[in-house]
Amino acid sequence: MNIYNTMSQKKELFKPMNEKRVKLFVCGPTVYDDAHIGHARTYISFDVIKRYLEYRGFKVFYLQNITDIDDKIINRAVEIGMDPEKLAKKFEKRYQIDMNLLGVNGVNFFARATDHIHEIIKQIETLIEKGFAYETENGVYFDEAKFLDYGKLSRRKLEDLNVHRVNIDKTKKNPGDFALWKKRDQKPIWDSPWGPGRPGWHIEDTAITEEYFGPQYDIHGGGLDLIFPHHEAEIAQMESASGKQPMVRYWMHTGFLNVSGEKMSKSLGNFITIRDLLEKHDGETFRFFVLSTHYRSPIDFSEKSLEQAGKSLKRIRKIVEKLNELKKDAEETNSFDDYFKGIMDGSSSDFFKAMDNDFNTPEGLAIVFNLIKELNKSFKVKNPSRSVLMDISSFFNELSEILGINFNNIPDSFTDEELSTQLLDLVVNLRQKLRERKEWELSDEIRDKLNDLDIQIEDK
Ligand code: AMP
């Protein structure tokens with residue numbers, strides 16, 4: 001298998017540290033509001049990545065942190081007059097529910113920042129001891145200049161970065177030094193060797209991964225926006241604290257979900273929450289929509305593209321239904337078996353090749369749709385035996401497991417809206433036929449009755 005590594009900016013052969021065991025960490029959400037469908041894009045992608053690694057025989061431990069202490073949480077809590085801890089708990093719960101509704105259930109352990117204050121303090125102490133961090137009257141800071149590899153993930157140089165930086169906090173040595181511990185007296189705060197306060201954002205992830213995975217592990221994931229400064233800071237902290245490199249073997253980043261070319265985000269206000277989406281659409285259609293694009297590429301969200309994804313998903317469900325029907329009275333052997341085995345084996349091997357190539361779901365799905373086209377064409381003239389039909393069905397079952405979408409879930413054929421559009425087309429076409437036969441009375445009656453329903457037909 002090959003995985004694109006943001007660090008090398010190349011696809012690399014996947015070789016975990018421990019042969020068949022994979023340690024996967026993905027940055028979790030900051031729980032101060034409901035998650036939006038941009039978040040969902042990232043978490044669906046990693047859910048499928050985990051599913052596929054498991055399909056390939058790896059035992060994956062998927063760890064995710066929950067940022068339940070952060071300035072955003074505190075500001076929001078003040079804004080709505082709620083206790084920050086209660087606010088974080090509330091949105092953490094809602095996040096878990098949303099993920100379950102989207103079939104995102106592969107995380108083995110969620111680690112809250114506030115449950116790991118001890119580990120955070122321990123890591124900060126190590127960084128101070130080793131000379132990578134220092135205390136000021138405002139907090140404890142990481143000394144960026146001491147980590148010579150700073151910028152290696154995002155390919156930035158400290159000198160270039162510093163040209164644009166202004167040191168607002170005059171207690172810091174360098175403008176880019178980031179907080180490991182913020183001295184504060186307003187709750188929620190914890191005791192520390194440097195007085196009461198709370199942790200900075202970056203340190204929670206490395207304290208958590210060190211606790212569960214040790215200083216080095218296999219895959220670290222997140223959205224593209226986290227490469228800098230977040231993941232860069234993580235590398236600086238962990239590699240300085242442990243003296244071991246690399247902290248992570250494969251850095252994986254998802255592309256953004258955009259609306260009209262702009263990243264969907266809370267701050268831009270252009271977001272659709274997962275809850276809003278699920279009021280109108282089903283979660284599996286959204287999953288299918290997400291997986292129709294490669295995880296590293298941007299996706300432009302629109303109702304139209306979601307609708308298109310729904311139609312494509314229906315095509316897969318239809319062929320699965322057809323296979324089930326054919327199995328009912330299929331023969332035990334058939335002279336066309338070799339023909340069907342040929343197309344099936346070719347498609348399945350191409351599909352897995354696409355997935356082995358950095359989880360290329362859109363290419364994989366294109367192969368599946370080609371297979372469906374071939375099958376539909378062939379079923380019109382010849383049918384295979386039951387055992388070959390079973391083989392074809394098991395391919396679709398595997399696909400369903402990997403994508404996390406149930407293909408046996410045949411929807412009630414059409415939504416109300418689709419049904420009314422189709423019925424209207426039917427009436428209009430029939431009326432046209434009547435007109436061609438010069439049956440004016442009946443065709444006028446149809447037009448008038450439609451008029452009563454507020455539907456105007458004009459014959460031009
Ligand atoms: P946050 O809670 O903002 O830290 O985001 C949690 C995760 O969702 C991070 O990995 C982000 O990169 C990712 N994320 C946020 N917005 C988007 C978006 N519009 N498209 C894709 N991923 C996103």
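Side chains included, hydrogens not; waters and symmetry mates left out as well; all remaining heavy atoms used. What you see is a predicted model, and the numbers here were worked out from it, not measured in a lab. We count ligands from 1, going down the list as the structure has it; atoms in each ligand are counted the same way.
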side-chain hydrogen bond (donor to acceptor under 3.5 Å, both in side chains) against Gln308, all qualifying residues, sequence neighbours excluded: none
With sequence neighbours excluded, residues passing side-chain hydrogen bond (donor to acceptor under 3.5 Å, both in side chains) with Glu234: His220, His230
Of all pairs that satisfy side-chain hydrogen bond (donor to acceptor under 3.5 Å, both in side chains), the ones with a partner from residues 82-93, not counting sequence neighbours: Glu92-Arg112
Lys NZ or Arg CZ of Lys23 over Phe61 ring: under 6.0 Å, within 45°: no
Ring-face cation of Arg296 near Tyr4 (centre distance under 6.0 Å, axis angle within 45°): yes
Geometric class of the Phe352/Tyr55 ring pair [parallel <30°, tilted 30-60°, perpendicular >60°]: parallel
Contact residues of ligand 1, where a non-hydrogen atom lies under 4.0 Å away: Pro29, Thr30, His36, Gly38, His39, Thr42, Tyr43, Gly222, Gly223, Asp225, Leu226, Gly255, Phe256, Leu257, Lys263, Met264
